Amino acid sequence: VQLQASGGGLVQAGDSLRLSCAASLMPFSHYYMGWFRQRPGKEREFVAGISGSADITYYADDVKGRFTVSRDNAKKTVSVQMNSLKPEDTALYYCAASFTSSTRVTVTTASRFKFWGQGTLVTVSS
C-alpha cells in the first residue's frame, strides 16, 4: 500500500479533525501531496495540497482559513488539520501523490495524481 489515510470520523459542526496519510513512496520529497474529497452526489474535488519542499501550500477557496496541510518528509506523512468543520465538509477524503521534477511546484488536477489512498470518511453533523 503506497498511501494509507486515517483519521476520519463523525463530528459536530464547529469541531476539528485531523486526517493523516502515511506514504511508502520514494523519494517522498519529490511527490506533491494533495487532499481531495468527494461529497455525496458530487465529483471529486481538490481540497488542499503541499509541495515537496513543504513550504508551498494551496487551498480550495471554501476551506481556506479553516484547513491547514502539513507534511513530514522524514516520516513520509502528510496531514490536514480541519477546524471549524461544517456539515458541507461531509465527504470521503483522499490523500494523493503526484511525482514532480521540482519540489516547489503546485498540482491541483486530479488526473496528475498517480497514487491515491483508500479514502477516509468525514461526517459533520449540524
Side-chain angles (χ1 to χ4, degrees):
V1 177
Q2 288 157 318
L3 293 175
Q4 184 76 37
S6 62
L10 171 63
V11 296
Q12 293 188 323
D15 284 350
S16 298
L17 206 57
R18 185 178 182 86
L19 306 182
S20 295
C21 179
S24 58
L25 302 165
M26 292 180 67
F28 184 62
S29 62
H30 271 268
Y31 283 87
Y32 186 88
M33 299 302 296
W35 286 95
F36 288 77
R37 68 184 178 189
Q38 188 160 18
R39 294 188 267 198
K42 304 234 171 156
E43 305 254 324
R44 191 175 297 189
E45 59 183 351
F46 177 86
V47 174
I50 187 166
S51 64
S53 57
D55 59 347
I56 302 171
T57 57
Y58 190 82
Y59 298 93
D61 287 343
D62 58 351
V63 306
K64 205 171 290 184
R66 299 188 297 123
F67 290 15
T68 303
V69 61
S70 60
R71 67 189 289 162
D72 185 329
N73 283 345
K75 296 181 179 177
K76 295 197 287 185
T77 59
V78 61
S79 299
V80 58
Q81 177 68 38
M82 306 185 295
N83 298 330
S84 303
L85 283 162
K86 305 175 181 179
E88 51 264 43
D89 293 318
T90 294
L92 195 57
Y93 283 75
Y94 299 88
C95 61
S98 175
F99 183 82
T100 58
S101 56
S102 167
T103 60
R104 298 185 58 77
V105 298
T106 295
V107 183
T108 61
T109 305
S111 60
R112 294 186 58 188
F113 287 81
K114 181 177 179 181
F115 300 100
W116 293 82
Q118 81 285 11
T120 184
L121 183 62
V122 172
T123 304
V124 185
S125 64
S126 56

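Only this structure's heavy atoms are used, side chains among them; waters, hydrogens and symmetry mates stay out. Remember, it's a predicted structure, so these values are computed and weren't measured experimentally.
Rounding to the nearest 0.5 Å places CZ of R71 at 8.0 Å from OG of S53.
Shown here is R112, whose CZ atom has no more than 12 heavy atoms of other residues, nucleotides or ligands within 6.0 Å. The number of heavy-atom neighbours closer than 6.0 Å to OH of Y58, taken from other residues, nucleotides and ligands shown, is 12 or below. Atom NZ of K42 is surrounded by 12 or fewer heavy atoms from other residues, nucleotides or ligands within 6.0 Å.
The closest donor-acceptor contact from the side chain of T90 to the backbone of V124 lies under 3.5 Å. Judged by distance alone, the side chain of Q2 and the main-chain N or O of F115 form no donor-acceptor pair under 3.5 Å.
The closest side-chain donor-acceptor pair between S79 and S20 falls under 3.5 angstrom. In this structure, a donor-acceptor pair under 3.5 Å is absent between the side chains of S111 and T109.
Ring-centre distance between F67 and W35: not below the 6.0 Å cut-off. Centroid-to-centroid, the aromatic rings of F36 and F113 come within less than 6.0 Å.
The pair K64-D61 meets the salt-bridge criterion, with a side-chain N (NZ, NE, NH1 or NH2) lying under 4.0 Å from an Asp/Glu carboxylate O. Between R39 and D62 there is a salt bridge, since at least one side-chain N of the basic residue sits less than 4.0 Å from a carboxylate O of the acidic one.
L121 and W116 fall within a single hydrophobic cluster, where Ile, Leu, Val, Met, Phe, Trp and Tyr side chains are chained together by heavy-atom contacts under 4.5 Å.
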